[in-house]
Amino acid sequence: MSLPIYLDYAATSPVDDDALAAAAPYYKNVFFNPSSAHAAGQLAARALDAARERCAAAINAAPREICFTSGGTEAVNLAMKGVDYSQRKRVVISGIEHDCVIACAEYLKNAGVSVDTVMPDGYGIITPDALARVLKDDTALVCVMTVNNITGAIQPIDALCALTHERGALFFTDAVQAVNSLDLNIKKSGVDMLAASAHKFYGQKGAGFLYVRSGVRLKPVLAGGEQERGLRGGTVNVAAAVGMAKAYENALLNLEKNRAYISGLKNSFVKRVLAEIDGAYLNGGG
């Protein structure tokens, strides 16, 4: 079969060979339920614990702060719908969020939560000044994505998070588009919650995680058993978690090399466009 030239890795990526190899035994051989108390189940549980530790280390978190999900969409839903809005009944989202965040905000609005929107400047950036203008005393949660999935604009998450905390609210960032391009450090940024999706960094589809800072209390969106510290009912996909952890490690190992490669491609593309297309210009220059 002849395949097209694929240029949309921001939408999804192929599975890394190492990630696929790491996951394979947990599909066929060590297929056991990690919640089972017997010895076979504990083999899977140990593999799941190791994957949790590796994902946590990748963002400088503690293992118990990682909740495995079915991907970014579920992580966003848990982060936004799981917050207690009984005292503070307001959410702020940026005007450039992914459709998933917008849909969750609409859900909350229908449930009686007020939704405020902070808009970006002319460069696609959510500035602290802009956020300050929409924050209220009853704001419970602020949602600003780390990297925009359309423009690639990188948001000043550290400053936005600090401002949010000054007003007593929680800060959540959809980092789905950031994992394969930025070295994320939640201790530095101070975020309360962060969503990631494996298929954006060469892991399997249907795998992701939500970082939830210790002390932040969420109610589960998926009712069921006590898996994932009671945050997510359902048998955990051990194979996907193991593969995701390996893919994330490889992504970090190759971060600088990939940055240099992509930068070279971009510069070459821009150079050819400017040279070969009449009337093309860069940054307003002639």
Visitor: Short question: side chain of Asp121, backbone of Ile125 - any donor-acceptor pair under 3.5 Å?
Guide: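 Between the backbone of Ile125 and the side chain of Asp121 there is a qualifying donor-acceptor contact (under 3.5 Å).
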Visitor: Rounded to the nearest 0.5 Å, how far apart are CG of Asn149 and CG of Asp174?
Guide: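 Output value for this atom pair is 7.5 Å.
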Visitor: Look up atom CG in Asn185 and atom CD1 in Ile157, then write down how far apart they are to the nearest 0.5 Å.
Guide: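 Asn185 CG to Ile157 CD1: 13.5 Å, rounded to 0.5 Å.
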Visitor: Hey, are the side chains of Asn267 and Ser263 touching, using non-hydrogen atoms and a 4.5 Å cut-off?
Guide: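 A side-chain contact exists here, since the closest heavy-atom pair is under 4.5 Å.
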Visitor: Can a salt bridge be assigned to the pair Lys188 and Asp158 using a cut-off of 4.0 Å between side-chain N and carboxylate O?
Guide: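 Answer for the salt bridge query: yes.
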Visitor: Could you report the tightest heavy-atom contact between Glu228 and Phe68, atom names first, then the distance?
Guide: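 It is OE1-N, 2.7 Å.
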Visitor: Shared ILVMFWY cluster between Val238 and Leu222, side chains joined below 4.5 angstrom?
Guide: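 Different clusters.
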Visitor: How many angstroms lie between CZ in Arg133 and CG in Asp116, if you round to the nearest 0.5 Å?
Guide: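 Reported to 0.5 Å precision, the distance equals 13.5 Å.
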Visitor: Can you check side chain to side chain donor-acceptor pair (under 3.5 Å) on Lys205 and Thr12, steps first, answer last?
Guide: CA-CA 8 Å; Lys205 294 175 181 63; Thr12 195; 3.2 Å; yes
Visitor: Do Leu252 and Met244 share a hydrophobic cluster, counting only Ile, Leu, Val, Met, Phe, Trp and Tyr and linking them when any side-chain heavy atoms are less than 4.5 Å apart?
Guide: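 In one cluster with Leu252: Met244, yes.
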Visitor: Check the surroundings of atom NZ in Lys136: do more than 12 heavy atoms from other residues, nucleotides or ligands lie under 6.0 Å from it?
Guide: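 Above 12, so yes.
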Visitor: Any side-chain heavy-atom pair from Ile186 and Tyr211 closer than 4.5 angstrom?
Guide: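 Yes. Closest side-chain heavy atoms under 4.5 Å.
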Visitor: Side-chain contact, heavy-atom cut-off 4.5 Å: Tyr85 with Leu108?
Guide: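 In contact.
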Visitor: What I want to find out is whether Asp192 reaches Arg213 closely enough, with some N-O distance under 4.0 Å, to be called a salt bridge.
Guide: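 Result for this pair is yes, salt bridge flagged.
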Visitor: Quick one: CE on Met193 to SG on Cys67, what's the gap to the nearest 0.5 Å?
Guide: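 If I round to the nearest 0.5 Å, the distance is 11.5 Å.
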Visitor: Report yes or no: do Ile102 and Ile96 belong to one cluster of Ile/Leu/Val/Met/Phe/Trp/Tyr joined by side chain heavy-atom distances under 4.5 Å?
Guide: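 Each belongs to a different hydrophobic cluster.
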Visitor: Test of understanding: clusters of I, L, V, M, F, W, Y form through side-chain heavy atoms closer than 4.5 Å, transitively. Do Leu78 and Val83 belong to the same one?
Guide: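 Per the 4.5 Å side-chain linkage, Leu78 and Val83 are co-clustered.
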Visitor: Atom CD1 of residue position Ile5 - does it have more than 12 heavy atoms of other residues, nucleotides or ligands inside 6.0 Å?
Guide: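 No, the 6.0 Å shell around CD1 holds no more than 12 heavy atoms from other groups.
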Visitor: Quick check: closest heavy atoms across Val147 and Gly152, and the distance to 0.1 Å?
Guide: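 Closest approach of Val147 to Gly152, heavy atoms only: CG1-O, 3.7 Å.
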Visitor: Nearest heavy-atom pair of Thr117 and Val134: which atoms, and what distance?
Guide: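 Smallest interatomic distance, heavy atoms only, reads O-CG1, 3.9 Å.
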Visitor: Quick one: pull up CG in Leu48 and CD in Gln42 and give me the separation to the nearest 0.5 Å.
Guide: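 Reported value, rounded in 0.5 Å steps: 10.5 Å.
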Visitor: Please check: side-chain N/O of Lys246 versus main-chain N/O of Ala22, any donor-acceptor pairing under 3.5 Å?
Guide: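 No; judged by distance alone, with no hydrogens or angles, the pair does not exist.
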Visitor: Ignoring hydrogens and angles, tell me if any N or O in the side chain of Glu74 forms a donor-acceptor pair with the backbone of Arg232 under 3.5 Å.
Guide: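 No, Glu74 side chain to Arg232 backbone: no donor-acceptor pair under 3.5 Å.
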Visitor: Check whether any side-chain N or O of Gln227 sits under 3.5 Å from a backbone N or O of Ser35 as a donor-acceptor pair, and report yes or no.
Guide: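 Checking the backbone N and O of Ser35 against the side chain of Gln227, no donor-acceptor pair under 3.5 Å is found.
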Visitor: Looking at Gln177 and Thr146, would you say the former's side chain and the latter's main chain have a donor-acceptor pair under 3.5 Å?
Guide: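 It does not hold such a pair.
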Visitor: Can you check whether Leu170 reaches Val216 side chain to side chain, under 4.5 Å on heavy atoms?
Guide: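 Yes, side chains in contact.
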Visitor: As a test of understanding, state which of Leu194, Leu231, Leu218 forms a side chain to side chain contact (heavy atoms under 4.5 Å, CB included) with Leu210.
Guide: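 Among the candidates, only Leu218 passes.
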Visitor: Other residues, nucleotides and ligands only: do more than 12 of their heavy atoms fall within 6.0 Å of CZ on Arg64?
Guide: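 Atom CZ in Arg64 is not crowded, with 12 or fewer foreign heavy atoms closer than 6.0 Å.
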Visitor: Main chain of Gly71, side chain of Thr69: is a donor-acceptor contact present, judged purely on distance under 3.5 Å?
Guide: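 Indeed, once roles are kept as given, a pair shorter than 3.5 Å links the two residues.
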Visitor: Any chance OH of Tyr6 has more than 12 other-residue heavy atoms, nucleotides or ligands included, within less than 6.0 Å?
Guide: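 Counting other residues, nucleotides and ligands, OH of Tyr6 exceeds 12 neighbours.
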Visitor: Please determine whether the number of non-hydrogen atoms from other residues, nucleotides or ligands lying under 6.0 Å from atom CG of Asn254 exceeds 12.
Guide: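 Yes, enclosed.
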Visitor: With hydrophobic residues grouped by side-chain heavy-atom distances under 4.5 Å, do Val113 and Val92 end up in a single group?
Guide: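 Different clusters: Val113 never reaches Val92 through Ile, Leu, Val, Met, Phe, Trp or Tyr contacts under 4.5 Å.
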Visitor: Verify, without hydrogens or angle tests, whether Glu97 (side chain) and Met145 (backbone) share a donor-acceptor contact under 3.5 angstrom.
Guide: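 Indeed, once roles are kept as given, a pair shorter than 3.5 Å links the two residues.
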Visitor: Any donor-acceptor pair under 3.5 Å linking the side chain of Thr164 with the backbone of Leu160?
Guide: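 Checking the backbone N and O of Leu160 against the side chain of Thr164, a donor-acceptor pair under 3.5 Å is found.
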Visitor: Closest heavy-atom contact between Ala240 and Ala207?
Guide: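 The answer is CB-CB, 3.6 Å.
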Visitor: Judged by atom type as modelled, is there a donor-acceptor pair below 3.5 Å linking the side chain of Asn29 to the main-chain atoms of Pro25?
Guide: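 Here the side-chain-to-backbone pair does not exist.
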Visitor: Before accepting this row, confirm whether a basic side-chain N of the pair Arg229/Glu65 lies closer than 4.0 Å to the acidic partner's carboxylate O.
Guide: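 Result for this pair is no, no salt bridge flagged.
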Visitor: Check this for me: does any side-chain nitrogen of one of Lys219 and Asp84 sit under 4.0 Å from a carboxylate oxygen of the other?
Guide: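 The answer is no: the pair does not qualify as a salt bridge.
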Visitor: To the nearest 0.5 Å, what is the distance between CG (Asn180) and NE2 (His199)?
Guide: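 With rounding to 0.5 Å, CG (Asn180) is 12.0 Å from NE2 (His199).
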Visitor: Parallel, tilted or perpendicular: which fits the ring planes of Phe201 and Tyr248, with parallel below 30° and perpendicular above 60°?
Guide: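 Taking Tyr248 first and then Phe201, their aromatic rings sit tilted (interplane angle of 30° to 60°).
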Visitor: If I compare all heavy atoms of Ser13 with all of Lys200, which pair ends up nearest, and what's the gap?
Guide: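 For Ser13 and Lys200, the tightest heavy-atom pair comes out as OG-C, 3.8 Å.
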Visitor: Knowing that exactly one of Arg90, Arg88, Lys89, Arg167 qualifies, which makes a salt bridge (charged side-chain N to carboxylate O under 4.0 Å, His left out) with Asp137?
Guide: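 Only one option passes, and that is Arg167.
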Visitor: Would you say His98's side chain and Val101's backbone share a donor-acceptor pair under 3.5 angstrom?
Guide: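 No, because the side chain of His98 does not come within donor-acceptor range (under 3.5 Å) of the backbone of Val101.
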Visitor: Could you tell me whether Glu276 atom CD has more than 12 heavy atoms of other residues or ligands within 6.0 Å of it?
Guide: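 Above 12, so yes.
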Visitor: Quick one: closest heavy-atom pair of Cys100 and Asn77, and the distance?
Guide: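 Of all heavy-atom pairs spanning Cys100 and Asn77, the closest is SG-ND2, 3.7 Å.
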